[in-house]
Amino acid sequence: MYEFENKIIKDGRVLKEQFIPSRIVHRDGQLKVIRDNLRPLLKRQQPRSMFIHGSPGTGKTCISKYVTEELSAHVSSVLHCYVNCWLYPSTFKILFSILQEFGVSMSIHRKGTPTDELFDIFRKRLQDRQCVIVLDEVDQLEDDKILYDLARMENVGLMLISNDEHALGGVDPRVRSSLASVDTIHFPPYSFEEIRDILRDRAEWGLLPGVVAKAQVDWIARVSSGDARIALNVLRLAAEAAENKDREGISDEHIRAALPKVHVSEKEKATERLNEHQRMIYGIISQSGEIKPEDLYPEYEKACKKNGVDPIVDRSVRKCLEKLAQYKLVLAKGEGRWRVYSVGKEAAGEGS
DNA sequence: CTTCCACCGGAACCGTGGGAAA
DNA sequence: TTTCCCACGGTTCCGGTGGAAG
């Protein structure tokens, strides 16, 4: 609709972190292991489930999606789906979004269907077909029983992903034993050279030739400390800024401006998903640096009065704290009454 | 030592919202 | 339209616990 010829960006999608490239740069070892684990599907045999862990931006999500799509393209009878457990933490939501991806959402009503029934529908839909289910951010699961149920299903391969190496450490022993045979795969942070190669690859497909200098790519690779997500976001933001303003190539200034934006956003993004009360509680904790639960509620009530909000009861506040700790927005040290809440390390210095 | 009290957290319960069936 | 159903967030209730007071 607007006659607008891009001078910088050739294909913006390529620079987004959700983009799945047509070829994977580095990660050959992990790729092979994952393929090997899924290979039995080709012979209609049971695949081996996996637990994939590693820091943010190490390619866990990207490669899981890549492999499952590759597999389905190869063998059309194999279904696959991806669920982010932060967005869909309850058993109901997970099953619902699986069914949605399998194209059965029309036949079920979103409300009014019991969770058990969703599982039956899922089983029926599968019949003798095989599928791979990716559960990303699996540490955000509200009830780990679904892992037990899914792991015991024939024809289902699980790929459980988490930043937290010990995400499966705390699950119920019964769930634990059903996951005894999962293959644990570690994704270490990328090296400088690897990040550089990833950036070069994406720049080649996503940007027009010559708009970003080699030295600039190196710079971005160096400051992103092994996190591909950060690197790509810096490149994307810088490219977008250049496209919107100067349109003569990406300048160092564009990159410099993009850097802080990317680093701030992680925790900010997380707090956006909180409700009013959770956000107030989070605010109190981050302001006081460290706070005991008993001191927190009065503070919370004060904050409510100031904001003209009806406070929720103390028990509900404790539930909010549970949630915040699960989201890893706050750190809970100690048990029960001796617990102390604080925000993560990087904000520890601030406060009054 | 016993009693009391504040706080924690599990479990049952309730109100609400919204889609489906009657 | 009304009625029914169910997930979900919040509330109520309550038993357990350990420190403080008697």
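Numbered from 1 within each chain, the chains take letters A, B, ... in sequence-line order. Below, each value reflects all heavy atoms present in this structure, side chains not excepted, and no hydrogens, waters or symmetry copies.
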If the plane angle is over 60° it's perpendicular, under 30° parallel, otherwise tilted; pick one for Phe119(A) and Phe122(A).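 The arrangement is perpendicular - the two ring planes meet at more than 60°.
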
If we only count heavy atoms from C-beta on, is the [X] to [Y] side-chain gap below 4.5 Å?
X: Asp227(A); Y: Thr58(A); value: no
X: Phe51(A); Y: Glu165(A); value: no
X: Met159(A); Y: Asn37(A); value: no

Could you state the [atom1]-[atom2] distance from [X] to [N], rounded to the nearest angstrom?
X: Lys93(A); N: dC6(C); atom1: NZ; atom2: C1'; result: 14 Å
X: Glu276(A); N: dG10(C); atom1: CD; atom2: P; result: 10 Å
X: Glu142(A); N: dG10(B); atom1: CD; atom2: P; result: 14 Å
X: Ile94(A); N: dA7(C); atom1: CD1; atom2: C1'; result: 14 Å
X: Glu117(A); N: dC4(C); atom1: CD; atom2: C1'; result: 14 Å
X: Leu118(A); N: dG19(B); atom1: CG; atom2: C1'; result: 14 Å
X: Leu321(A); N: dG10(C); atom1: CG; atom2: P; result: 13 Å
X: His277(A); N: dC8(C); atom1: NE2; atom2: C1'; result: 15 Å

Counting just side-chain N and O atoms, does Ser90(A) come under 4.0 Å of either OP1 or OP2 of dC8(C)?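 Yes, Ser90(A) has a side-chain N/O under 4.0 Å of OP1/OP2 on dC8(C).
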
So does Thr113(A) get a side-chain nitrogen or oxygen closer than 4.0 Å to the phosphate oxygens (OP1/OP2) of dC6(C)?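 So the side-chain polar atoms of Thr113(A) never come under 4.0 Å of the phosphate oxygens OP1 or OP2 of dC6(C).
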
Which residue in the set Lys60(A), Lys328(A), His53(A) passes side chain to side chain donor-acceptor pair (under 3.5 Å) when paired with Asn163(A)?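 Exactly one option meets the side chain to side chain donor-acceptor pair (under 3.5 Å) with Asn163(A), and it is Lys60(A).
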
Hey, is Glu290(A) close enough to Lys333(A) for a salt bridge, meaning N to O under 4.0 Å?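 Looking at Lys333(A) together with Glu290(A), the answer is yes, because their closest N to O distance falls below 4.0 Å.
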
Checking all strands, does Asn275(A) fall into the base, sugar-phosphate, or nothing category for heavy-atom contacts under 4.0 angstrom?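 Sugar-phosphate contact only.
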
Looking only at the side chain of Val313(A) (C-beta and beyond, no hydrogens), which of the listed nucleotides dC6(C), dG10(C), dT12(C) gets closest?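 When the side chain of Val313(A) is considered, dT12(C) is the closest of dC6(C), dG10(C), dT12(C).
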
Quick one: which protein N/O atoms are closer than 3.5 Å to N/O atoms of nucleotides 5-9 of chain B? Pair and distance per line, please.
residue, atom, partner, partner atom, Å
dA6(B), N3, Arg337(A), NH2, 3.4
dC8(B), OP2, Arg318(A), NE, 3.4
dG9(B), OP1, Arg339(A), NH1, 3.2
dG9(B), OP1, Arg339(A), NH2, 2.8
dG9(B), N7, Arg315(A), NE, 3.3
dG9(B), N7, Arg318(A), NH1, 2.2

Under the criterion side chain to side chain contact (heavy atoms under 4.5 Å, CB included), I'd like the reasoning laid out for Trp86(A) against Arg273(A): C-alpha separation, chi angles, the key distance, then a yes or no. CA-CA 10 Å; Trp86(A) 189 320; Arg273(A) 300 193 237 188; 3.4 Å; yes

